[in-house]
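FYI, the numbering just counts along the sequence from 1.
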Amino acid sequence: MDVGVVLQCDPPATRTVELAKQAEAAGFSHVWTFDSHVLWQEPFVIYSKILADTERVIVGPMVTNPGTRDWTVTASLFATLNEMYGNRTVCGIGRGDSAVRVLGSRPTTLAELRECVQVVRELGNGRQVRLRDRDLRFAWAPDSRLEVWVAAYGPKALALTGEVGDGYILQLADPDIAAWMIKAVRDAAEKAGRDPAAIKFCVAAPAYVGDDSDESRAHQREQTRWFGGMVGNHIADIVERYGSDSAVPTALTDYIKGRKGYDYAEHGRAGNPHTDFVPDAIVDRFCVLGPVEEHLRRLNELRELGVDQFAVYLQHDAKESTLRAYGEQIIPALS
């Protein structure tokens, strides 16, 4: 199993680059970042510096969206980085959350997401694509190679992922929910005539390595409770679309009943005051907390489900110590 890391693009950008370098030295395979250009700095600028200062990590957004950039611009960014640094990028993409909502917009439709995935992938792999009644191709990027991994929760989005995605990103680390989501993607791929085994599966969630005392556990939960609020934004959309009796696991739909609103100014930050509706049990299910042994137990359980990569959200007050524990103990044990 590969292990990646997910960073925010908080200033100074040099700090993001330094954490990426630490991650590569610790054995992490991927460096992902948020892509929300109003809340944080522009990731594609930072990717260029990360790639210049590292040798092997793959970089990409977790996740971009079809709404904030022209699709050909998104593809060109990836193809340019690939030409400069040797095909070390991956495109994580979804319908959009904070990046579009802070602009007063809504997530794009699934039809737009489907078309965007195809346009970005074709152009990012040096192939011709038909867009707006024109045939387009990057003549300058014949050797660019790019995979597009789709982030999804709802039934129709999961089906789309199985039909067109090179990979699937699930932003929570609960094995029971992951099993349901992965099966939905695989079933859709098989129904579409694709090889389900060819799709890569990435589970992303906050991971905090700490001791197992009650005081430490409580602190770890408070540092990662924001994640349940972020996931809740997507689940609220699903409940609005499908109702609370959809096929989505009740563990997801039940906990957001206490959700009263959300301030994107605190999005993805430890101590977010708008996530107090998230119970401890959900924090424990969605995140990976506690001593090294607990991380290994959960990651091995996910690996048995077919998860190819676990991506560590590193938005808490133990960044370096968690990176170090993963590099010294967890990643070697998973190899």
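Screening Asn125, Thr89, Asn82 for a side chain to side chain donor-acceptor pair (under 3.5 Å) with Ser144, the sole residue that qualifies is Asn82. Here the rule is ring-ring contact (aromatic ring centres under 6.0 Å, His included) with Trp149, and of Phe201, Tyr168, Trp32 only Trp32 fits it. The salt bridge (charged side-chain N to carboxylate O under 4.0 Å, His left out) test with Asp166 is passed by exactly one of Lys200, Arg145, Arg121: Arg121. Put simply, the residue from Lys21, Lys49, Arg88 that forms a side chain to side chain donor-acceptor pair (under 3.5 Å) with Thr54 is Arg88.
A salt bridge links Asp187 and Lys183; the closest N-O separation between the charged side-chain nitrogens and carboxylate oxygens is under 4.0 Å. We find that Asp35 and Arg69 are joined by a salt bridge, their nearest charged nitrogen and carboxylate oxygen being less than 4.0 Å apart. Comment: Asp212 engages Arg217 in a salt bridge, judged by a side-chain N to carboxylate O separation of less than 4.0 angstrom. With respect to the salt-bridge test (charged N to carboxylate O, under 4.0 angstrom), the residues Arg132 and Glu115 do not qualify.
Within 6.0 Å of the CD atom in Gln41, the count of heavy atoms belonging to other residues, nucleotides or ligands exceeds 12. Arg134 CZ: 12 or fewer foreign heavy atoms inside a 6.0 Å radius. Asp214 CG: 12 or fewer foreign heavy atoms inside a 6.0 Å radius.
In this structure a side-chain-to-backbone donor-acceptor pair under 3.5 Å is present from Ser29 to Val3.
Glu304 CD to Leu299 CG: the interatomic distance, rounded to the nearest 0.5 Å, is 11.5 Å. Rounded to the nearest 0.5 angstrom, Gln220 CD and His316 NE2 are separated by 9.0 Å. Note that CG of Asp10 is 10.0 Å distant from CZ of Arg15, once rounded to the nearest 0.5 Å. Atoms CG and CG, from Leu305 and Leu170 in turn, are 10.5 Å apart once rounded to the nearest 0.5 Å. Once rounded to the nearest 0.5 Å, the distance linking CD of Gln118 with CZ of Arg130 reads 15.0 Å. Interatomic distance, Glu301 CD to Asp174 CG, rounded to the nearest 0.5 Å: 8.5 Å.
Between Ile235 and Arg259, the closest side-chain pair of non-hydrogen atoms is not below 4.5 Å.
Within the 6.0 Å centre-distance limit, the rings of Tyr313 and Phe34 are counted as a close aromatic pair.
Between Tyr255 and Phe286, the two ring planes are perpendicular [angle over 60°; tilted spans 30° to 60°]. Classification of the Phe44-Tyr47 ring pair by plane angle, with boundaries at 30° and 60°, yields perpendicular.
Nearest approach of Pro279 to Arg225, heavy atoms of both residues: C-NH1, 3.7 Å.
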Going through the checks in order, is the side chain to side chain donor-acceptor pair (under 3.5 Å) test met by Arg269 and Asn272?
CA-CA 6 Å; Arg269 297 190 186 281; Asn272 184 337; over 6 Å; no

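Residues Leu39 and Val45 fall into different hydrophobic clusters, defined by Ile, Leu, Val, Met, Phe, Trp and Tyr side chains chained together at heavy-atom separations under 4.5 Å. Connection of Met62 to Val100 is not established within any shared hydrophobic cluster, with ILVMFWY side chains joined at heavy-atom distances below 4.5 Å, either directly or through further cluster members.
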